[in-house]
Amino acid sequence: MTRPALLPAAPLLAALLLSGGTALAATPQQTYATQCGACHMAYPPTLLPARSWKAIVAGLRHHFGEDASLGRRDTAAILTYLADNAADGPLGNSRFLMGVSPGMTPMRITDMPFWRVIHARLLRPGIGTGPGIRKAAACNLCHNVNGGGEGSGESGG
Amino acid sequence: MKLPIRLAAALLLASSAAAGVAVATPDYAAQRAAILGHYAAEARKADPAFKGFSVAAGRAFFLAHPAGARPATPSCSYCHTTDPRNRGRTRAGKVILPMAVSRTPSRFTKPSKVRLWFRRTCQSVYRRQCTALEKGNYITFMASQ
């Protein structure tokens with residue numbers, strides 16, 4: 001299988017972020033990268049519409065079988081960042097909304113029609129459509145992107 | 001069909017967010033001791049006979065498969081592996097650096113991070129909040145590894 005490189009290898013800096021640096025106030029973007037990048041890569045916000053991000057953030061207590069809830073301040077900061085950069089947000093790319101009607105609220109990028117079109121050849125049981133954990137969500141298994149490999153070591157609150 | 005995708009930029013945005021300023025090596029041992037001291041004070045409040053944290057109890061707590069755990073998270077050792085000196089793996093496939101302090105010296109040094117993960121994982125695995133005694137035992141076990 002080909003391994004398309006979406007990005008050059010990530011700067012190691014990411015792993016060193018804020019280590020011990022309680023003095024630095026995190027930006028919403030950093031908070032997102034840290035908190036939402038702890039268990040999987042921090043997905044690019046532009047891949048889902050704002051209503052999807054809202055629903056995901058509202059349901060963090062029961063997030064795909066796990067408790068991923070955060071404090072109120074971090075939750076609010078992350079939601080603002082996601083909504084601003086969502087596919088239908090002011091800074092997002094609405095082309096990712098291809099085939100998504102306003103009544104649909106996809107809870108996964110891997111449920112988005114754009115994703116399924118691109119990965120049509122890969123959609124077989126076990127990836128994308130199979131039961132249990134859908135490794136399709138580990139974009140970094142196939143794509144060279146940051147956020148999915150080494151533990152960031154800094155997923156604090 | 002042509003899909004004009006500007007994903008690289010978006011990914012960079014998300015990943016470079018982390019780039020921070022390098023800071024002097026912090027005193028991890030002192031930071032960890034402060035967190036343990038806090039849990040010790042709480043444990044003493046709950047039980048005046050509290051004598052100290054236990055490596056063995058921490059290990060048992062870490063390896064246990066409590067009845068009623070959420071199916072996705074049967075045990076602490078499910079993600080962190082049964083030997084905390086190993087790297088772990090999340091359900092979504094991401095590598096977790098070892099919990100053992102000898103392998104990852106920055107473990108248990110940031111109070112907000114420690115609080116956050118105990119709150120969530122205790123809820124998922126033990127279906128309740130953990131006691132100060134359990135948290136202190138856990139950190140003491142990891143510091144011995």
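Computed from a prediction, not measured in an experiment: that's the story for all the values here. Numbered from 1 within each chain, the chains take letters A, B, ... in sequence-line order.
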TODO: Could you walk me through whether Arg120(B) and His63(A) pass the side-chain hydrogen bond (donor to acceptor under 3.5 Å, both in side chains) test, one step at a time?
DONE: CA-CA 11 Å; Arg120(B) 299 198 297 207; His63(A) 182 72; over 6 Å; no
Quiz item: Are there more than 12 heavy atoms of other residues, nucleotides or ligands under 6.0 Å from atom CZ of Arg103(B)?
Solution: no
Would you kindly confirm whether Leu97(A) and Leu91(A) end up in one hydrophobic cluster when ILVMFWY residues are joined by side chain heavy atoms under 4.5 Å apart?
no
Original post:
Tell me, do Gln123(B) and Ser69(A) make a side-chain contact under 4.5 Å, heavy atoms counted?
Top reply: no
Review point. Is there a donor-acceptor pair under 3.5 Å between the side chain of Lys94(B) and the backbone N or O of Gly37(A)?
Key: yes
Fill in: Side chain proximity check, Glu66(A) to Thr73(B), heavy atoms < 4.5 angstrom
yes
In short, Ala92(B) meets Cys39(A) closest at the heavy-atom pair CB-O, 3.4 Å
Checked Thr90(B), Thr121(B), Val125(B) vs chain A; the most non-hydrogen pairs under 4.5 Å come from Thr90(B)
Report task. Give a yes or no on this: more than 12 heavy atoms of other residues, nucleotides or ligands lie within 6.0 Å of atom CZ of Arg72(A). Result -> no
- CZ (Arg127(B)) with more than 12 external heavy atoms under 6.0 Å: yes
- Among the clusters formed by ILVMFWY side chains lying less than 4.5 Å apart, do Tyr78(B) and Leu97(B) turn up in the same one? no
